[in-house]
Visitor: 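Below: one structure in structure tokens.
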Amino acid sequence: MQIRFTKMQGAGNDFVVLDETQGQRGLSPAQYRFLADRHFGVGADQILSVRPAPAEGIDFEYAIHNADGGEVEQCGNGARCFARYVHDRGLTTKKVIRVKTLSGVIAPEIVGEGQVRVDMGRPELRPEQVPFDAAGLQSRAVGRAQTWQLPLSDGAAQWIMPVSMGNPHAVLLVDEADTAPVAAVGPQIERHARFPQRVNVGFLQRVSRSEVRLRVYERGTGETLACGTGACAAVVAGIHQGLLDTQVRVHTRGGLLQIAWAGGEGDSVFMTGPATFVFDGQIELPEAP
Ligand SMILES: N[C@H](CCC[C@H](N)C(=O)O)C(=O)O
């Protein structure tokens with residue numbers, strides 16, 4: 001089956017965007033894996049599927065699948081690329097677009113010069129809601145935050161702060177993002193038994209109270225050049241631990257994201273960043289196993 005797609009990227013986190021507003025909806029996990037494959041398919045960190053409005057007052061729905069084919073609740077860089085796609089390809093004339101994801105409705109806003117601002121909703125800090133099983137682990141308070149010591153398979157342990165942005169994140173503080181043990185520690189925490197739905201792992205270096213550097217080992221994909229929900233989770237963790245102010249510039253390997261959070265658990269996290277078209281294409285999709 002021939003399938004048309006649009007390749008996009010937000011701060012280097014790259015996507016295959018599928019327009020499913022007419023007819024065809026949903027592929028198999030193997031077909032999502034094929035599209036994400038950088039050798040046999042198109043190549044992407046996630047696949048974004050744009051679907052018709054599911055209800056009054058909502059403009060679209062969008063589904064998110066990781067490179068491993070699994071469907072997930074939220075994608076921050078993807079939300080910006082989704083908004084740019086539906087606006088620039090004429091699927092809507094709105095500049096503030098209400099879109100339903102698995103974790104709820106968010107409202108990306110086209111703000112010009114290729115930048116999109118997204119109200120990512122409020123963070124979830126209760127461990128059991130992330131979800132994170134904290135039972136019996138050593139914990140310590142840092143600022144207003146609770147952090148836990150996570151035992152790793154190599155006998156070491158990492159202090160982490162669990163945060164959900166609709167999808168689960170574990171945030172670690174590191175001295176230097178560039179030399180952080182992302183490849184060694186990321187996979188161990190991503191599939192740690194204490195995270196029953198696995199987890200995205202953020203390695204956060206504090207440069208100042210308004211500037212950080214961040215690398216993320218993403219659930220279901222591995223290290224990406226940027227992670228939007230990861231940037232939100234990292235800034236929330238930093239603010240809650242008393243290390244950051246309410247407006248933070250997040251330097252990722254793929255570009256700059258600007259995150260703002262007033263600091264109340266009922267307050268939304270706002271993310272502003274780029275959304276860029278790369279190319280349009282079509283590809284022969286293997287039959288769904
Ligand atoms: N890997 C993430 C989904 C994509 C998130 C990321 N690409 C972003 O920009 O937020 C997860 O499994 O929850």
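Please read all numbers here as calculations on a predicted model, not as lab measurements. Counting starts at 1 for both ligands and their atoms, following the listed order.
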Visitor: Using a strict threshold of under 4.0 Å (side-chain N to carboxylate O), is an ion pair present between Arg209 and Asp245?
Guide: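 Salt bridge present between Asp245 and Arg209.
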Visitor: Is a side-chain donor or acceptor of Arg206 paired with a backbone partner of Val212 at a separation under 3.5 angstrom?
Guide: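 It does not hold such a pair.
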Visitor: Determine whether any heavy atom of Cys227 lies closer than 4.0 Å to an atom of ligand 1.
Guide: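 Cys227 counts as a contact of ligand 1 under the 4.0 Å cut-off.
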Visitor: Considering the heavy atoms of Asn167, write down every atom of ligand 1 situated less than 4.0 Å from one of them.
Guide: 2 (C), 11 (C), 13 (O)
Visitor: Below 4.0 Å from ligand 1: does a non-hydrogen atom of Val72 turn up there or not?
Guide: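 Yes, Val72 has heavy atoms under 4.0 Å from ligand 1.
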Visitor: Assess Asn13 for proximity to ligand 1: is some non-hydrogen atom of it under 4.0 Å away?
Guide: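 True for this residue.
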Visitor: Out of all atoms in ligand 1, which are within 4.0 Å of some heavy atom of Gln74? Include the element for each.
Guide: 3 (C), 4 (C), 5 (C)
Visitor: Show which atoms of ligand 1 fall inside a sub-4.0 Å distance from at least one heavy-atom site of Asn77.
Guide: 8 (C), 9 (O)
Visitor: Which residue and atom name correspond to the protein heavy atom nearest atom 1 (N) of ligand 1, and how close is it?
Guide: Glu218 OE1, 2.7 Å
Visitor: Below 4.0 Å from any atom of ligand 1, is there a heavy atom belonging to Asn200?
Guide: yes
Visitor: Find all atoms of ligand 1 within a distance of less than 4.0 Å from any non-hydrogen atom belonging to Gly76, and give their numbers and elements.
Guide: 8 (C), 9 (O), 10 (O)
Visitor: Please tell me whether Asp178 and Gln205 have a donor and an acceptor in their side chains that are separated by less than 3.5 angstrom.
Guide: no
Visitor: Touching ligand 1 at all, His169? Heavy atoms, strictly under 4.0 Å?
Guide: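 Outside the 4.0 Å threshold, so no.
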Visitor: Would you say Gln22 has more than 12 foreign heavy atoms packed within less than 6.0 Å of its CD?
Guide: no
Visitor: Identify, for atom 10 (O) of ligand 1, the protein heavy atom at the shortest distance, and state residue, atom and that distance.
Guide: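 Looking only at protein heavy atoms, the one closest to atom 10 (O) of ligand 1 is Thr229 OG1, 2.6 Å.
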Visitor: Is any side-chain heavy atom of Val250 closer than 4.5 Å to one of Gln258?
Guide: no
Visitor: Spell out, as yes or no, whether a donor-acceptor pair under 3.5 Å connects the side chain of Tyr32 to the backbone of Leu27.
Guide: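 Between the backbone of Leu27 and the side chain of Tyr32 there is a qualifying donor-acceptor contact (under 3.5 Å).
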Visitor: May I ask you to decide if the ring planes of Trp261 and His240 are parallel, tilted or perpendicular, using 30° and 60° as cut-offs?
Guide: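 Rings of Trp261 and His240: tilted, as their planes differ by 30° to 60°.
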